[in-house]
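Notes follow once the structure below has been shown.
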Amino acid sequence: MAAPFDSSLDLRLLPSFLALAQELHFSRAAQRLHIAQPALSQQIARLERQVGVQLFDRPPRPIALTPAGRALLDRVTPALAMVEQGVAESRATAGEQPETLTVSHLSSFSVRLVPLIVGTLRATHPRLLLTLHVASLPEQLAALRAGRAQIGLIHTNPDLAVRIPDLQAVTIATGPRMIMLPVGHPLARKHAVVLSDAAAEPFVLPSGDGQTGYRAGIEHACQRYGFTPLAAAQANDTGVILDLVAAGMGVALAPWIATTDLPREVVARPLVDERCELVALTTLPAPATTSALIAAARDAVGKLTTAVTSTDAWG
């Protein structure tokens, strides 16, 4: 039975709870906090008394979070990250330290889009310290919810709708969904392709846990046109997918913004009546610096779209 809740909760105990929840080992957590193990044990016991529930299973069982402990961890982790972000923004406002922003993004944005964003921010916000991480969609969601990132860059389409109540989604730009083809492929002669025209073609599909949503989006799109894509090859990296298309293994689908650096053996054609979006996912409340990154991303997309639509690879 739960003990009465103590309203005089000592928030200073929460970092100790977070360390033990992440390490699940008293000695390692104590070392990380630079305190003695008995002191950590006392702090956790004190927190449990104040909360009124047991947060950890203890020996003889392995150290593990109880259901109540997991529930608290889900709230404490982003809360402490928001406090740290608030302190950083306050110090930045006072001129004591640079503003910081941690950004996660898909690997397909690494070659052209992200460098342009960084270049713009360097000119407009020279004191902004950016930390960049390549991450799949599930990894980005986990990082945002845990407070390890403040903004994530993804692409979506009607077959991969992203509705996440605890995050804010901001559309940066909208463009065509593309089909990537080997040079010399019969469909490459067209300026635009109806997806049903590729029904008999072998496909190079995304694979791996991090690509599950994107693969499902491709399969749903094909099913709307009455066919199931025939998987001739699969890969969990955009660059490898492009190499497989270049080698003639099959065709692949991608958002327009991911087709800005194609191999010479690959061309991209827009799919008729198929659109997709570049989206920024942000925490709530979003740090003030996210608006600067979104503006820089819109500027970068404009430059890239102008550049790629004028090339032969884009028809």
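On a predicted model such as this, the values are computed, not experimentally measured, just so you know. Quick note: residue numbers are just sequence positions, from 1.
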Output for pair (L14 CG, L72 CG), nearest 0.5 Å, gives 6.5 Å

Rounded to the nearest 0.5 angstrom, the OG1-CG distance for T66 and L73 is 10.5 Å

When V170, I154, V301, T171 are each screened for side chain to side chain contact (heavy atoms under 4.5 Å, CB included) with L278, the one that passes is V301

Are L11 and V51 connected in a single hydrophobic cluster, I mean Ile/Leu/Val/Met/Phe/Trp/Tyr linked by side-chain heavy atoms less than 4.5 Å apart? yes

Surrounding CG of D273 (heavy atoms of other residues, nucleotides or ligands, distance under 6.0 Å), is the total greater than 12? no

Nearest heavy-atom contact between V53 and A68 is CG2-CB, 3.8 Å

Heavy-atom nearest pair, L40 first then S16, reads CD1-CB, 3.8 Å

Any side-chain heavy-atom pair of L181 and R269 under 4.5 Å | yes

Taking it one step at a time, do L55 and L20 satisfy side chain to side chain contact (heavy atoms under 4.5 Å, CB included)?
CA-CA 10 Å; L55 301 173; L20 183 57; over 6 Å; no

CG (L137) and OG1 (T156) are apart, to the nearest 0.5 Å, by 9.5 Å

Full working for side chain to side chain contact (heavy atoms under 4.5 Å, CB included) between I294 and I172 | CA-CA 7 Å; I294 290 171; I172 294 173; 4.3 Å; yes

>> Are the side chains of L128 and L293 in contact, using a 4.5 Å heavy-atom criterion?
In response: no

Notebook entry, point to check: With the 4.5 Å side-chain cut-off for hydrophobic clustering, are F203 and L230 part of the same group?
Noted result: no

Between the OG atom in S196 and the CG atom in L271, the distance rounded to the nearest 0.5 Å is 10.0 Å

task = May I have the step-by-step check of side chain to side chain contact (heavy atoms under 4.5 Å, CB included) for R49 and R46, ending in yes or no?
result = CA-CA 5 Å; R49 287 195 301 272; R46 183 182 170 196; 3.6 Å; yes

Practice task
Classify the ring geometry between F109 and H155 as parallel (under 30°), tilted (30 to 60°) or perpendicular (over 60°).
Solution key: perpendicular

| request: Keeping the roles fixed (side chain from Q150, backbone from T290), state whether a donor-acceptor pair exists under 3.5 Å. | output: no

- More than 12 heavy atoms of other groups within 6.0 Å of R224 CZ: yes

All heavy atoms of I151 vs all of L144, minimum pair found to be N-CD2, 3.6 Å

With the side chain counted from C-beta on, respond yes when P270 and V193 share a heavy-atom pair under 4.5 Å apart, and no when they do not. no

Expected list for residues 25-36: side-chain donor-acceptor pairs under 3.5 angstrom, two or more places apart:
{"unit_1": "H25", "atom_1": "ND1", "unit_2": "S27", "atom_2": "N", "d": "3.3"}
{"unit_1": "H25", "atom_1": "ND1", "unit_2": "R28", "atom_2": "N", "d": "3.2"}
{"unit_1": "S27", "atom_1": "OG", "unit_2": "Q37", "atom_2": "OE1", "d": "2.7"}
{"unit_1": "R28", "atom_1": "NH2", "unit_2": "E23", "atom_2": "O", "d": "3.2"}
{"unit_1": "R32", "atom_1": "NH1", "unit_2": "Q22", "atom_2": "OE1", "d": "3.0"}
{"unit_1": "R32", "atom_1": "NH1", "unit_2": "E23", "atom_2": "OE2", "d": "3.2"}
{"unit_1": "R32", "atom_1": "NH2", "unit_2": "Q22", "atom_2": "OE1", "d": "2.3"}

Nearest heavy-atom contact between P176 and C276 is O-SG, 3.5 Å

Heavy atoms of L113 and A300 approach each other most closely as CD1-CB, 3.8 Å

**Asked** Would you say the side chains of E139 and H133 form a donor-acceptor pair under 3.5 Å?
**Response** no

* Asked: Is it the case that S207 and Q234 place a side-chain donor and acceptor less than 3.5 Å from each other?
  -> no

Closest non-hydrogen atoms of A188 and P182, given as atom of the first, atom of the second and distance, are CB-O, 4.4 Å

In this structure, CG of D299 is separated from CG of L116 (nearest 0.5 Å) by 8.0 Å

Item to check | Residue pair K190 / D197, side-chain heavy-atom distance below 4.5 Å | outcome: yes

* Worked verdict on D159 versus R177 for salt bridge (charged side-chain N to carboxylate O under 4.0 Å, His left out) -> CA-CA 11 Å; D159 300 294; R177 208 168 179 182; 2.8 Å; yes

**Request:** Look at the side-chain heavy atoms of Ile, Leu, Val, Met, Phe, Trp and Tyr, link any pair under 4.5 Å apart, and say whether F227 and L253 land in one connected group.
**Result:** yes

message: If hydrophobic clusters are built by linking Ile, Leu, Val, Met, Phe, Trp and Tyr wherever their side-chain heavy atoms come under 4.5 Å apart, do V103 and V134 end up in the same one?
response: no

Those residues at least two apart in sequence (or on a different chain) that pass ring pair (Phe, Tyr, Trp, His ring centres under 6.0 Å) with F56 are F17

Within a strict 4.5 Å, meaning less than it, do heavy atoms of the S107 and D237 side chains meet? yes

- Side chains of P229 and E219: closer than 4.5 Å at any heavy-atom pair? yes

Q. Does L106 reach the side chain of Q140, with side-chain heavy atoms less than 4.5 Å apart?
A. yes

Q. Is there side-chain contact between P15 and R12, with heavy atoms separated by less than 4.5 Å?
A. no

One should read off an interatomic distance between L129 CG and L121 CG, to the nearest 0.5 angstrom, of 11.5 Å

- Message: Evaluate M180 against T259 for side chain to side chain contact (heavy atoms under 4.5 Å, CB included), listing each step before the verdict.
- Response: CA-CA 8 Å; M180 295 181 290; T259 64; 4.1 Å; yes

